[in-house]
Amino acid sequence: MILEQEITAEITVAFKEAFNTELPIEQISLQPTRKEFEGTHTLVCFPLARLSKTGPEQTAQQLGQKLQENSDFISDFNVVKGFLNLSLTYKAWISTFEELTYDPNPGQLSSTGKEVMVEYSSPNTNKPLHLGHLRNNFLGWSVSEILKAAGNKVHKVQIINDRGIHICKSMVAWQQFGNGETPKSSDKKGDKLVGDYYVQFDQEYKKQISELEAQGLSKEQAETDAPIMKEAKELLLKWEDKDPEVYELWKQMNNWVYSGFDATYQTMGVDFDKLYYESETYLLGKEEVLRGLDQGVFYKKEDGSVWVDLSDQGLDQKLLLRSDGTSVYMTQDIGTAILRFRDFPKIARQVYTVGNEQEYHFKVLFLILEKLGYKWAKECYHLSYGMVDLPSGKMKSREGTVVDADDLMQEMLDTAEEHTKELGKIEGFTEEQARELYYNLGLGALKYFLLKVDPKKRMLFDPNESIQFQGHTGPFIQYTHARISAILRKANQVGYDELGDSLLKLESLEPVEIGVLKLLANFKDKIAEAADTYSPDVIAQYAYDVAKEYNRFYQEVSIFNEENRDKLKFRIAFSRLTAQTIKQAMGLLGINVPERM
RNA sequence: GGUUCCGUAGCUCAACUGGAUAGAGCAACUGCCUUCUAAGCAGUAGGUUGAAGGUUCGAGUCCUUCCGGAAUCACCA
């Protein structure tokens with residue numbers, strides 16, 4: 001990246017000399033040279049033709065000439081149409097390598113001095129986590145790491161929707177059908193147990209509705225009259241009144257869920273710095289809505305419900321408080337946002353990692369916060385990601401097509417084990433090391449699969465076709481790292497792992513080596529790009545490119561059979577730098593890279 | 001119906017934000033293990049970028065109109 005700055009600087013100078021005109025830096029579009037042409041960097045000269053007052057091709061030609069004459073690191077050039085392809089001297093590449101190798105903060109951009117909050121996960125406490133949550137968590141966690149690497153201080157948080165009618169449904173079902181079942185007594189994960197009662201509530205509810213309908217009630221009437229639903233609503237009221245018995249049950253069932261979630265989070269390898277609970281923020285949201293009402297930002301309808309009118313923004317009217325004074329989803333989110341900026345007054349940006357089905361909700365939320373007079377409202381950002389679809393379409397719990405997070409992760413571990421054993425690669429592994437490897441490979445494959453895709457886009461997951469371990473996958477990249485590790489172990493044994501003054505004595509580089517170096521030099525740029533666009537897929541693609549290019553080198557060039565000792569030492573140091581870069585890039589995705597596999 | 005997003009090889013995804021002959025992986029086919037790990041490497045084949053217009057040196061990318069799909073528009077969360 002420093003390389004590109006230097007090239008850009010040289011171009012500016014050369015342009016002025018050649019055409020006697022200033023070339024504004026933003027006009028310089030430097031891009032990687034396509035592999036069918038000679039060179040590594042390409043300057044697009046079409047836009048420059050206007051300034052140079054000659055054709056694009058001539059511009060490129062003259063500019064190339066000047067660069068070659070004046071620059072001590074541009075060795076050659078060629079022009080194809082308006083494209084100026086530049087080749088750099090091997091010395092330029094060696095000094096690039098040197099810079100990277102002795103970089104005291106590899107993979108870490110200098111501090112921006114900014115604090116960022118990233119919210120992700122935020123599940124309901126009535127259903128176990130599923131495939132969609134996996135994408136959400138991996139994304140949010142990875143974006144957090146990328147933002148850190150880009151020089152920000154990051155707070156990872158989530159809001160837990162622990163309050164509301166949904167949890168009351170599980171409570172009612174448990175009271176009616178549970179016979180005092182606990183996670184311990186049934187040996188079930190707490191979130192699964194509570195989830196089962198939620199399903200049971202739904203079944204019972206439907207049964208009661210059809211019974212009532214059979215008795216001649218209308219559908220709407222049956223839905224409100226069903227005894228089990230009445231009971232759930234009653235429970236919610238009691239909860240709001242802090243009825244001790246109800247509150248106790250609520251707490252107990254939520255705790256079951258939390259311990260179940262914790263186990264899942266641990267397997268996923270994600271964590272949080274702070275948790276927010278809806279039960280602790282919704283009252284603040286209510287206050288804010290009432291304050292807004294006083295200030296005339298909102299208005300009240302005859303039935304007592306409170307609304308905001310966003311028709312001047314091209315949106316509709318939106319309910320903020322029900323006629324009975326209870327809060328809705330939006331109310332809680334208003335409270336949460338405000339509380340967060342109170343807790344962390346310095347945060348410059350708040351990122352909400354939430355599915356794209358809620359785009360409208362967040363648009364409205366941010367507008368409301370602005371109307372309430374919060375200046376930071378424009379710093380709120382909805383990191384909207386696409387759903388994970390199954391071949392049959394959307395996941396539907398009613399149709400039993402939900403892919404459970406725990407099950408899927410376990411399946412990945414099993415597949416990893418199967419593959420590894422098939423390949424006969426666990427010689428000399430202890431039981432524990434083998435298990436660790438299966439975990440790293442299984443989760444690596446899963447995380448890579450979910451993160452390599454542009455977050456904004458919906459993606460497809462076919463449960464019948466297991467996630468690949470070959471090709472453009474996590475294990476491919478992990479494998480490259482393991483191979484390099486083997487080389488480094490050997491180098492350490494044979495004693496060639498010190499670079500010494502070998503770099504000074506090198507007289508050439510292989511094209512593949514330059515290919516890898518060019519990629520390695522891009523790492524920080526990629527981090528910046530990924531941070532700017534909240535896109536772990538940029539890093540995923542990058543790690544793949546590095547691994548792919550290194551494998552080419554590995555195949556073409558021998559390390560330990562190299563007779564020239566300086567070359568040999570360089571290749572080892574070069575391999576080490578590659579491994580380090582792969583490790584860091586994969587680390588940003590939450591993927592561990594093994595030393596052996 | 002209004003709004004927003006999407007449509008690229010048989011399948012899953014890219015394309016440096018308007019740049020060269022649209023690239024990878026999987027699946028298919030052909031080579032490469034007595035040499036640092038073949039979860040690898042090299043190659044063949046596969047495309048009218050949903051369609052038609054337009055903008056310009058240049059369009060998968062921007063504009064218009066169609067076609068097809070998704071999300072959203074609740075006193076649900």
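Labels below follow one simple rule: chain letters A, B, ... track the order of the sequence lines, proteins then strands, and each chain is numbered from 1.
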When all nucleic acid strands are considered with a 4.0 Å heavy-atom cut-off, which category describes [X]: base, sugar-phosphate, or nothing?
X	value
A:L423	base
A:F37	base
A:T533	base
A:F469	base
A:V557	base
A:I165	nothing
A:I559	base
A:T420	base
A:K35	sugar-phosphate
A:R458	sugar-phosphate

Exercise for review: Assess A:K301 against A:W307: is NZ or CZ under 6.0 Å from the centre of the six-membered ring, and within 45 degrees of the ring's axis?
Suggested key: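 Here A:K301 passes the 6.0 Å and 45° test against A:W307.
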
If the [atom1] atom of [N] is compared with that of [M], how far apart are they to the nearest Å?
N	M	atom1	answer
B:C62	B:G19	C1'	14 Å
B:U8	B:C13	P	10 Å
B:G18	B:C26	P	31 Å
B:G68	B:G50	P	16 Å
B:A71	B:G53	C1'	29 Å
B:A42	B:C33	C1'	14 Å
B:C16	B:U61	P	12 Å
B:A9	B:A27	C1'	12 Å

Measure from the side-chain heavy atoms of [X] and tell me the nearest of [options].
X	options	answer
A:Q31	B:C26, B:A20, B:C36	B:A20
A:F560	B:C36, B:A71, B:A39	B:C36
A:F476	B:C16, B:C36, B:G40	B:G40
A:E357	B:A71, B:A77, B:U37	B:A71

Look at the side chain of [X] against the base of [N] and say whether a donor-acceptor pair falls under 3.5 Å; ignore hydrogens and angles.
X	N	result
A:T480	B:A39	no
A:K425	B:U37	yes
A:T473	B:A39	no

Are the ring of [X] and the six-membered base ring of [N] within the stacking cut-offs of under 5.5 Å and under 30°?
X	N	result
A:F46	B:G19	yes
A:F83	B:G19	no
A:Y479	B:G40	no

Review point. So do the side chains of A:I159 and A:Q332 get within less than 4.5 Å of each other, counting heavy atoms only?
Key: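 They are in side-chain contact.
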
Between [X] and [N], is there a side-chain N or O to OP1/OP2 distance below 4.0 Å?
X	N	value
A:K81	B:U21	yes
A:K233	B:C76	no
A:R552	B:A42	yes
A:R322	B:A77	yes
A:K457	B:A14	yes
A:K548	B:G25	yes
A:R489	B:U37	no
A:N551	B:C41	yes

Review point. Using Watson-Crick pairs (N1 to N3, plus N6-O4 or O6-N4) and G-U wobble pairs, both distances under 3.5 Å, which stems of at least 3 pairs involve RNA chain B?
Key: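 When the pairs of RNA chain B are grouped into runs of at least three, the stems are B:1-7 with B:67-73, B:10-13 with B:23-26, B:28-32 with B:40-44, B:50-54 with B:62-66.
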
Whole Å only: how far is the [atom1] atom of [X] from the [atom2] atom of [N]?
X	N	atom1	atom2	result
A:M459	B:C11	CE	C1'	14 Å
A:I28	B:C16	CD1	P	20 Å
A:D537	B:U12	CG	P	18 Å
A:E529	B:A14	CD	P	13 Å
A:L30	B:U17	CG	P	11 Å
A:Y544	B:A24	OH	P	9 Å
A:H361	B:A71	NE2	C1'	15 Å
A:Y534	B:U17	OH	P	20 Å

**Study point:** Upstream residue (5' side of RNA chain B) when A:R34 and A:N85 are each assigned their closest nucleotide
**Key:**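 Its nearest nucleotide being more 5', the pick is A:N85.
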
Check your understanding: Where each residue is assigned the nucleotide of RNA chain B containing its nearest heavy atom, which of A:M330 and A:P47 is assigned the position nearer the 5′ end?
Key ->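 In this pair, the answer is A:P47.
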
Point to revise | Pairing residues for A:D389 by the salt bridge (charged side-chain N to carboxylate O under 4.0 Å, His left out) criterion, not counting sequence neighbours | key: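 Scan of A:D389 (salt bridge (charged side-chain N to carboxylate O under 4.0 Å, His left out), adjacent residues dropped) gives A:R458.
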
Any donor-acceptor pair under 3.5 Å linking the side-chain atoms of [Y] with those of [X]?
X	Y	answer
A:S575	A:Y550	yes
A:S384	A:N356	no
A:T480	A:N551	yes
A:E119	A:S122	yes
A:N254	A:D162	no
A:N85	A:R34	no
A:H361	A:D333	yes

Check your understanding: Just wondering, are more than 12 heavy atoms of other shown residues or ligands nearer than 6.0 Å to CD in A:E36?
Key ->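 More than 12 heavy atoms, drawn from other residues, nucleotides or ligands, come within 6.0 Å of this atom.
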
Check your understanding: Within a radius of less than 6.0 Å around CD of A:Q313, do more than 12 heavy atoms belonging to other residues, nucleotides or ligands occur?
Key ->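 More than 12 heavy atoms, drawn from other residues, nucleotides or ligands, come within 6.0 Å of this atom.
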
